[in-house]
Amino acid sequence: MPCRQRAVPRAALSSPLLAAGLLLAAPAFAQAPTEDAATSSATLSEISVSGTGRPAAPGETAGSLTVPSVAAQRAAVNATVGSVAFVDAATFQNRYANTVRDVLKDVPGVFVQERYGQEMRLSIRGSGIARGFHVRGIELLQDGIPLNLADGSGDFYQIDPLSLRSVEVYKGGNALTFGATTLGGAVNFVTPTAYTALAPNTVRIDGGSFGTIREHFQISRISGPADLLISGTATDSDGFRDHATQRTRNLNANVGYRLAPGVETRFFLGYYDTDQKLPGSLSLSNALNNPRLANPSAITGNQSRKVTTERIANRTSFELEVGRLDIDSWAIHKNLYHPIFQVIDQDGWTYGVAPRWAGTFDLGGYRNDLILGLRAFAGINEARQFVNVAGLRGAQTLNARQSASNYEAYAENRFWFLPDMALMTGAKLFSANRTYSDKGGLPTNPAARFAAVTYEGINPKLGLLWQPLPEIQVFADITRSRDVPDFSDLAQTNTLGTTFVPLAAQRAWTYEAGSRGRIDRLAWDVTLYRAEVRDALINFTPNPGLNIPAATFNAPRTRHQGVEAAVTLDLAEDLTGPGDRLSLTQIWTHNDFRFVGDPVFGNNRIAGVPVDVLRTVLGYRHPSGFYLAPALDWVPQGAFADHANTLKVPGYALLGLQTGIDFANGVSLFVDARNLTDARFISDIAVVTNAATVAGGPVAFFPGNGRSVFGGVRTSF
């Protein structure tokens, strides 16, 4: 069996994190790639709409039973009957990828906007459209295993872009392959293993504007049936705004072992520590004219978000005579200390188990692909609140327990009744319980209160896939979604204190049709969709000046429709010599989200998300390793700040530039410049019901970052 000996670095770095990583690299084991044991039914090769002009990353043929190769991951995504996207980490490793926005900004249909640091809004097809904190309506997974808490809420703090190998985006009901059937779908962040890593060892240092410095290491080894990968990232930044200092420490590891031929187990370990100061929201005038300011209450309350999360997960995979069985299990511990309008002090556990079988077999002489899965997961969160005394705990105001449990069964089937055409059917059955127990016994909250609600239902899916050529697909499908409220919705703080509000689950029928493929120099990924939503979970901020968390209500009817489009054209080749390439990518996300005959808002637009978001990238790459990619992010018209549609923020255009060089010896240098014209713009909004009724105007706006330049060096060996 061929093998490659790995060199051991001799130089030591001053950073303790990097130094520890290099010490772990000392034992150099021989490594040999193995055959990917996972099978995929897709015949589509690669559909890439990356605007960087980079070719596919090397090393894509490696993989193991628990984590397939990157090529197999891409093929599985492209086999989906519906709108999906695949992002190879090689497309963002040479830029300052610090947040989920940096990872997903080239994916059509995904709206990601930063507030500050790791705090941002993520919305797909209007999921959690007016929700300016946490994630609702999108399931976050890491290596196919849920990251969300048991109530469905999620955060981005434990997602380290430098510790990813790929990202899979399943929009809407297309996430049924994981058992997710929310309006937004699922995003699966896949970490590398020793088999799929871009290099055995990686050391990276980058930094730049706003006092930013980041250090990263990654080490992987294979020894016989065992393999190991460890990666760590330390980030420190003062932030663009006052009182926006960020400090994160992330550690990811996985270890796999082949127990027997066709049987493999893998443990995933993670430790994530974030300390983020919060600058708060501003008036529209200050956000545009004094964007570095912090809200005075954010300073006097020393508002911050300190999160420590530990995660352990396991996948044990069995290659059967027909198909493959994966058994996933996980446990997540999260501690949150969050001084805002009060000090939110929470500590909780989430745990679950999920068996999943997938296989291809002959059915009456026709090919049939089937996925069967079960998921059972639950969690308990101790939720306490205190008076905020300059960021410290004052008198206690709440002592509650939030309990959530979920039981799900799902199936998805593709029946190829013609060699190039498949009928897709699927469904998910679920039961979700949310129990809230306020223990009372406090001077401001003497009475104990208890409430519980159970949500049940079935979400079907029907679709058709036509693949006339290996690299062209046309699809159409109908899916049913249900979004169960999380405790940020159910346990609302109002004039009565913290009370349980028994909201209905949001439900919708989504219709979509689209195509993806490549012909010669042209690649495309285009989807049109329309979702008819009932009991939509709509948020607003009743008093943004006090930074009180948003209230939530059920809107009787809303309609979400839009376009998700990305087109790449290879403009020219061999411009300065053999092998160079110039390409142009246009990404367009069209969002038409409205109330329908609402008793209060009529047919107004739902606030918080702009109608059109466009991104244009011109990418040039030379075979020497040099690349250059100017980019334009354009929002022609800003979003409404209120559901009454009385106030709209201005549109904006941002000019950026990425350049660098990858040397043959594994060293890479890069520069990532953003907002070169130092444009003033609104990045996100804490939506209100009617801005015209707020005295002096709402203090609900988050300014985008000004001009910034980041650079770095990475060595892989």
Would E512 and T527 count as a side-chain hydrogen bond (donor to acceptor under 3.5 Å, both in side chains) here? Give the steps.
CA-CA 7 Å; E512 70 174 22; T527 302; 5.6 Å; no
Please walk me through it: do Y627 and Y620 pass ring pair (Phe, Tyr, Trp, His ring centres under 6.0 Å)?
CA-CA 5 Å; Y627 58 90; Y620 172 79; over 10 Å; no
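When the options L628, L569, L575 are evaluated for a side chain to side chain contact (heavy atoms under 4.5 Å, CB included) with L582, the one that passes is L575. The one candidate from I138, L122, T589 that meets the side chain to side chain contact (heavy atoms under 4.5 Å, CB included) condition with V110 is L122.
Taking a cutoff of 4.0 Å between a charged side-chain nitrogen and a carboxylate oxygen, D580 and R621 do not qualify as a salt bridge. R581 and D570 are joined by a salt bridge, as a carboxylate oxygen and a charged side-chain nitrogen come within less than 4.0 angstrom of each other. For D155 and R305, the salt-bridge test passes: some basic side-chain N is under 4.0 Å from an acidic carboxylate O.
Inter-residue side-chain proximity for M120 and V100 is flagged as met; some heavy-atom pair is nearer than 4.5 Å. In this structure, T248 and Y157 have side chains that are not in contact, with every pair of non-hydrogen atoms separated by 4.5 Å or more. At least one side-chain heavy atom of S515 sits less than 4.5 Å from a side-chain heavy atom of W524. Inter-residue side-chain proximity for I685 and F702 is flagged as unmet; no heavy-atom pair is nearer than 4.5 Å. Using a 4.5 Å heavy-atom cutoff, the side chains of D684 and Y116 are not in contact. Side-chain contact between N665 and F717: absent, with no pair of heavy atoms (C-beta onward) separated by less than 4.5 Å. Considering only heavy atoms from C-beta on, E119 stays 4.5 Å or farther from L278 through its side chain.
Applying the side chain to side chain contact (heavy atoms under 4.5 Å, CB included) test to R680 and every residue at least two apart in sequence or in another chain returns P291. For D238, there are no salt bridge (Lys or Arg N to Asp or Glu O under 4.0 Å) partners at least two apart in sequence or on another chain. Residues forming a ring-ring contact (aromatic ring centres under 6.0 Å, His included) with H243 (at least two apart in sequence, or on another chain): none. Taking D273 as the reference, R247 meet the salt bridge (Lys or Arg N to Asp or Glu O under 4.0 Å) condition, with sequence neighbours excluded. The salt bridge (Lys or Arg N to Asp or Glu O under 4.0 Å) check on D672 picks up R674, with sequence neighbours excluded. Listed by chain and residue number, nothing satisfies the salt bridge (Lys or Arg N to Asp or Glu O under 4.0 Å) test with R292 (two or more places apart in sequence, or in another chain).
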